[in-house]
Student: 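This structure is in structure tokens; I'll ask about it shortly.
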Amino acid sequence: MKQRALLLVDLQNDFCAGGALAVAEGDSTVDVANVLIEWCKARGEAVVASQDWHPADHGSFASQHGVEPFTQGELDGLPQTFWPDHCIQQTEGAQLHPLLNQKAIDAVFQKGENPVIDSYSAFFDNGHRQKTALDAWLRHHEIVELIVMGLATDYCVKYTVLDALQLGYTVNVITDGCRGVNVNPQDSAQAFMDMASEGATLYTLADWQETQ
Ligand code: VGL
Ligand code: ZN
């Protein structure tokens with residue numbers, strides 16, 4: 001049987017209620033994650049997570065440039081949205097959500113450590129210059145199909161899914177396990193359309209459980 005893994009994207013305190021870059025209803029994704037974790041574990045499938053993990057002086061932070069959060073600029077020659085300081089290494093905000101069933105996670109892959117470039121995808125930085133260990137880990141475990149959900153729909157989920165498709169994985173996205181930043185109101189809807197048009201299959205959790 002082909003091997004499958006659940007990939008939980010950035011289910012961290014700073015993207016949830018009270019966090020530095022809180023996403024509306026971000027916390028609601030944790031219940032979906034815990035259901036999927038049980039579902040995957042019951043089938044012997046792997047569970048992995050990504051973690052946004054920035055140094056305090058990360059170049060994606062508006063504070064480093066003297067500009068307001070959510071403004072647009074450039075970083076390392078790439079267009080960049082400047083964010084509030086978030087997911088700083090070793091801080092509470094960078095920790096995975098306390099209600100997430102973390103014991104069940106087989107491996108966590110950190111990203112965004114390099115201060116001069118942002119890293120939305122769990123696989124590569126935004127310039128595709130450096131790769132995390134995630135692809136090698138998945139290949140080592142002969143995983144060819146992913147179930148992806150997490151935060152945020154319009155940034156880290158979207159770019160993780162697009163890279164996974166380019167790397168050749170079959171990708172299923174659980175839409176109600178995702179929430180977006182929505183700098184523009186339609187960003188999450190557009191992100192789901194982009195993922196689907198590149199080849200991802202979209203499911204609600206209920207659809208997924210019914211059809212698999
Ligand atoms: C994210 C903005 C900045 C995300 C991370 O996890 O989607 N978004 N850093
Ligand atoms: Zn970040």
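In each ligand, atom 1 is the first atom listed, and ligand 1 is the first ligand listed.
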Student: Looking only at protein heavy atoms, which one is nearest to atom 6 (O) of ligand 1, and how far off is it?
Tutor: D10 OD2, 2.7 Å
Student: Centre-to-centre under 6.0 Å for H97 and F15, is that the case here?
Tutor: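 For H97 and F15, the ring centres are not under 6.0 Å apart.
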Student: When D52 is tested against each of Q12, Q89, Q110, H86 for side-chain hydrogen bond (donor to acceptor under 3.5 Å, both in side chains), which residue passes?
Tutor: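 Answer after filtering Q12, Q89, Q110, H86: H86.
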Student: For Y169 and D135, does a side-chain donor sit closer than 3.5 Å to a side-chain acceptor?
Tutor: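 Side chains of Y169 and D135: pair found under 3.5 Å.
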Student: Nearest to the Zn ion (ligand 2), which N, O or S atom of D52 do we find?
Tutor: OD2
Student: Among side-chain atoms of D154 and Q190, is any donor-acceptor pair under 3.5 angstrom?
Tutor: no
Student: Does the pair D187/K158 count as a salt bridge with the N-to-O cut at 4.0 Å?
Tutor: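 No.
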Student: Does the N or O separation between L21 and ligand 1 drop below 3.5 Å for any pair?
Tutor: no
Student: Pairs of nitrogen or oxygen atoms closer than 3.5 Å, one from D52 and one from ligand 1: do any exist?
Tutor: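 N/O-N/O distance under 3.5 Å: yes.
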Student: N/O to N/O below 3.5 Å, does that happen between H86 and ligand 1?
Tutor: yes
Student: Can you tell me how far the CG atom of D176 sits from the OH atom of Y203, to the nearest 0.5 Å?
Tutor: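 Here the rounded value is 13.5 Å.
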Student: Under 3.5 Å between some N or O of ligand 1 and some N or O of V157?
Tutor: no
Student: Return the residue, atom name and 0.1 Å-rounded distance of the protein heavy atom closest to atom 2 (C) of ligand 1.
Tutor: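 Ranking protein heavy atoms by distance from atom 2 (C) of ligand 1, first comes W83 CE2, 3.4 Å.
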Student: Distance alone, cut at 3.5 Å: any donor-acceptor contact between the side chains of S119 and D125?
Tutor: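 No, D125 and S119 have no side-chain donor paired with an acceptor closer than 3.5 Å.
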Student: Which ligand 1 atoms does A152 reach within 4.0 Å, using its non-hydrogen atoms?
Tutor: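 Taking each heavy atom of A152 in turn, ligand 1 has 4 (C), 6 (O), 7 (O) under 4.0 Å.
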Student: Please name the atom of H54, restricted to N, O or S, that is closest to the Zn ion (ligand 2).
Tutor: NE2
Student: Note the single closest protein heavy atom to atom 4 (C) of ligand 1, along with its residue, its atom name and the distance in Å.
Tutor: C156 SG, 2.7 Å
Student: Judged by modelled atom types alone, do N34 and E38 share a side-chain donor-acceptor pair under 3.5 Å?
Tutor: no
Student: What protein heavy atom sits nearest atom 8 (N) of ligand 1, and how far away is it?
Tutor: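 Answer, as residue, atom name and distance: Y155 CB, 3.8 Å.
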Student: Please determine if the Zn ion (ligand 2) has an N/O/S atom from C156 lying under 2.8 Å away.
Tutor: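 No, C156 does not qualify, because none of its backbone or side-chain N, O or S atoms lies under 2.8 Å.
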